[in-house]
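Here's the structure, in structure tokens; my notes come after.
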Number of protein chains: 2
Amino acid sequence: MAKDTRRAPRQAEAERNDRALLEAAREVIGADGEHASVAAIAKRAGVGIGSLYRRYRTKEELFQRLSVIALDGYHRAATEGLAIDDPWEGLVHYVTAAIGLGAGSLGPIAGTITVTDEMADKNERADDAVATLVERARAAGALRADVTQVDLDLLIEQLATSPLLDQLRKQGRTDLLDVAWNARTRITAIALDGLRATASQPLPGHPPGRELLTERWTPADEVDDVRR
Amino acid sequence: MAKDTRRAPRQAEAERNDRALLEAAREVIGADGEHASVAAIAKRAGVGIGSLYRRYRTKEELFQRLSVIALDGYHRAATEGLAIDDPWEGLVHYVTAAIGLGAGSLGPIAGTITVTDEMADKNERADDAVATLVERARAAGALRADVTQVDLDLLIEQLATSPLLDQLRKQGRTDLLDVAWNARTRITAIALDGLRATASQPLPGHPPGRELLTERWTPADEVDDVRR
DNA sequence: ATGCTAACGGAGCGATTCGCTCCGCTTCAA
DNA sequence: TTGAAGCGGAGCGAATCGCTCCGTTAGCAT
């Protein structure tokens with residue numbers, strides 16, 4: 001009963017493989033969307049299919065794990081942003097960190113996996129933190145008044161999803177990845193400048209409602225009018 | 001020899017089908033990327049597979065046609081922009097029109113089809129027109145000085161690709177399409193505000209080179225380091 | 001050295017989906 | 001009424017899918 005941590009033949013390798021799997025899954029999903037195959041993920045991770053299925057009982061379980069990790073990332077980014085004194089700098093931190101997570105590629109799998117309680121819970125916590133961040137920045141007069149939280153969420157998704165980066169990764173053009181990454185940073189900077197309170201004209205149309213973000217996670221039951 | 005347009009049993013239906021096919025192909029590619037299947041395209045268009053293959057000898061030929069149409073659209077948008085007297089308004093017209101084309105979804109098929117001479121030619125023409133448009137806006141002091149044409153191209157691609165819109169279309173959620181479309185218009189407006197000359201700080205890093213836009217079209221020959 | 005065992009990689013299963021062909025049916029001008 | 005242009009989709013062989021199953025390998029204790 002003295003030694004309880006005595007068995008671990010190849011445990012270090014297992015952890016490395018798990019990390020590789022999660023990263024590979026993100027990349028392959030970015031490249032192939034919901035069609036991402038477990039074979040492609042395993043190959044990209046340099047890991048056997050068997051090892052993948054020892055850790056995750058099904059493909060869906062792996063995808064759910066990815067979602068949870070992404071939601072954790074968003075929550076952490078928002079918390080870090082709140083820890084910054086200057087409201088505008090805090091918001092900028094969140095936006096850039098959220099985009100840098102590389103989780104934007106997960107969008108396409110929304111609606112193809114069932115939402116676990118853990119996912120719903122973490123999503124709510126992250127949302128709350130972001131709401132505080134946004135309100136603080138707006139109250140300080142740093143963020144233009146007509147931008148809602150949903151606007152910001154959609155802007156982040158728009159910038160976080162990069163077909164160019166996904167394709168370069170898929171083609172293994174690691175030589176161009178740095179340049180492409182920097183290019184997106186520039187675009188992000190442009191968008192952030194547009195978020196400042198110095199707006200020339202009010203945003204067009206009505207502010208989008210939350211349903212835009214939530215309804216996409218409802219599985220494609222019989223909604224598919226194409227098959228009707 | 002007098003009457004040369006006398007035979008056309010179901011020609012009207014054929015034209016309608018062709019338009020439906022092209023639109024459906026854009027949508028399905030947006031949803032499924034390079035994995036888009038001809039069956040899905042035909043079904044979405046409400047057309048038989050046979051009709052698709054009577055017009056396009058192969059799937060690649062259909063995709064090439066889509067690319068040509070997209071390039072025509074970019075060129076037209078740029079030309080229209082140049083026809084507008086105010087340099088800034090002209091640029092705004094091009095950006096919004098280019099995003100609205102719905103051709104951003106085509107990005108994922110870059111590198112999976114061979115580039116025809118027609119495509120290369122039209123691409124060059126469109127590029128030239130955009131270059132003029134950008135230089136004019138910058139010379140007028142409307143566009144911030146540190147934004148290059150490549151920056152603008154990438155910004156347009158970033159905004160033109162919308163996982164949310166693609167997914168809603170795929171799920172047949174036509175009820176939310178208008179809201180989502182308006183939401184992206186708002187985001188576009190934010191980005192355009194960021195492009196104005198009133199920049200607070202210079203853009204980070206170095207301006208990206210053209211190769212970011214061109215090299216992605218080189219087929220994934222043996223570049224794929226994943227399979228090595 | 002020699003077990004013991006947890007973790008490994010991947011061949012291969014049945015099922016599905018792929019691009020595409022082929023053909024009987026439908027529509028319309030003459 | 002007829003002929004031909006256009007139609008939809010069943011079905012072909014090939015490829016790919018998610019997943020199981022099993023012989024092999026690597027590190028611990030003896």
Side-chain angles (χ1 to χ4, degrees), chain A residues 1-22 24-25 28-29 31-66 109 112-114 170 224 226-227, chain B residues 1-21 24-25 28-29 31-66 109 112-114 170 224 226-228:
Chain A
M1 59 165 63
K3 15 181 180 174
D4 44 359
T5 57
R6 91 205 76 106
R7 38 171 164 152
R10 300 172 73 173
Q11 179 193 329
E13 185 181 7
E15 286 182 13
R16 264 185 294 125
N17 282 347
D18 191 31
R19 266 190 293 273
L21 274 175
L22 289 169
V28 175
I29 290 175
D32 295 339
E34 60 169 318
H35 297 59
S37 70
V38 287
I41 293 174
K43 174 178 280 184
R44 171 134 206 137
V47 155
I49 298 180
S51 302
L52 190 157
Y53 273 97
R54 199 169 312 101
R55 250 165 288 282
Y56 306 98
R57 281 176 304 178
T58 111
K59 180 181 167 182
E60 182 174 34
E61 193 172 300
L62 167 62
F63 284 5
Q64 288 169 335
R65 186 79 234 280
L66 275 180
I109 66 172
T112 70
I113 60 177
T114 47
K170 180 174 192 174
D224 201 341
V226 176
R227 305 184 180 273
Chain B
M1 58 167 61
K3 15 183 180 173
D4 42 1
T5 56
R6 92 206 77 107
R7 40 170 165 153
R10 300 172 72 174
Q11 179 193 327
E13 185 181 9
E15 286 182 13
R16 265 185 293 124
N17 282 345
D18 192 31
R19 266 192 293 272
L21 274 174
V28 175
I29 290 176
D32 296 340
E34 60 170 319
H35 297 63
S37 70
V38 288
I41 294 173
K43 174 177 282 185
R44 170 133 207 134
V47 155
I49 299 180
S51 302
L52 189 157
Y53 273 98
R54 197 170 314 102
R55 251 166 285 284
Y56 305 98
R57 281 175 305 179
T58 111
K59 181 181 166 182
E60 181 174 34
E61 192 172 300
L62 168 61
F63 284 5
Q64 288 169 334
R65 186 79 234 282
L66 276 180
I109 67 172
T112 68
I113 59 176
T114 46
K170 181 174 193 173
D224 201 341
V226 176
R227 306 187 177 271
R228 285 180 177 276

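First the proteins, then the strands, lettered A, B, ... as listed; each starts at 1. Note that these values count all heavy atoms, side chains included, but never hydrogens, waters or copies made by symmetry.
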- Query: Starting at NE2 of A:His35 and ending at P of C:dT17, how long is that distance when rounded to a whole Å?
  - Reply: 10 Å
- Message: Quick one, A:Arg55 and A:Asn17 - any side-chain contact, counting heavy atoms below 4.5 Å?
- Response: yes
- Message: Test your reading of the model: is there a side-chain donor-acceptor pair from B:Lys59 to the backbone of B:Ala36, 3.5 Å cut-off?
- Response: yes
- Task: Take the protein atom CD of B:Glu60 and the nucleotide atom P of C:dC18, then report the distance between them rounded to whole Å.
- Result: 18 Å
- Closest-nucleotide 5' rank along DNA chain D - winner of A:Gly50 and A:Ala39: A:Ala39
- Item | Proximity to the side chain of A:Ser37 - top-ranked nucleotide from D:dC17, D:dC19, D:dC7 | D:dC17
- Query: Stepwise, does the side-chain contact (heavy atoms from CB on, under 4.5 Å) test hold for B:Ile41 with B:Leu62?
  - Reply: CA-CA 11 Å; B:Ile41 294 173; B:Leu62 168 61; 4.2 Å; yes
- Item | Close side-chain approach of B:Glu60 to B:Thr112, heavy-atom, < 4.5 Å | no
- Message: What's B:Ala12 touching, base or sugar-phosphate or nothing? Going by heavy atoms closer than 4.0 Å.
- Response: nothing
- Query: Between C:dC18 atom C1' and A:Asp32 atom CG, what is the distance in whole Å?
  - Reply: 15 Å
- For B:Glu34 and D:dT16, what is the distance between atoms CD and P respectively, to the nearest whole Å? 12 Å
- Task: Give the nucleotide from the list C:dG19, C:dA7, D:dG18 with an atom nearest to the side chain of A:Arg55.
- Result: C:dA7
- Query: Of the nucleotides D:dC7, D:dC19, C:dC8, which one has an atom closest to the side chain of B:Ala14?
  - Reply: D:dC7
- Message: Side chains of A:Gln11 and A:Glu15, heavy atoms from C-beta outward: is any pair under 4.5 Å?
- Response: yes
- Rounded to whole Å, CG of A:Asn17 lies from C1' of C:dA6 at a distance of 13 Å
- Which listed nucleotide (C:dG9, D:dC19, D:dG8) is nearest to the side chain of A:Ser51? C:dG9
- Note on the structure: Whole-Å distance, A:Lys43 NZ to D:dG18 P, equals 14 Å
- Which listed nucleotide (D:dG8, C:dC20, C:dA7) is nearest to the side chain of A:Arg54? C:dA7
- Query: The side chain of B:Ile49 lies closest to which of these nucleotides: C:dC8, D:dG18, D:dG9?
  - Reply: D:dG9
- Interatomic distance where NZ belongs to A:Lys59 and P belongs to D:dC19 [whole Å]: 8 Å
- Query: Checking all strands, does B:Ala45 fall into the base, sugar-phosphate, or nothing category for heavy-atom contacts under 4.0 angstrom?
  - Reply: nothing
- Selection from D:dT20, C:dC20, C:dG9 that lies nearest to any side-chain heavy atom of A:Tyr53: D:dT20
- Item | Nearest-Å distance for atom pair CG/P, residues A:Asp18 and C:dA6 | 18 Å
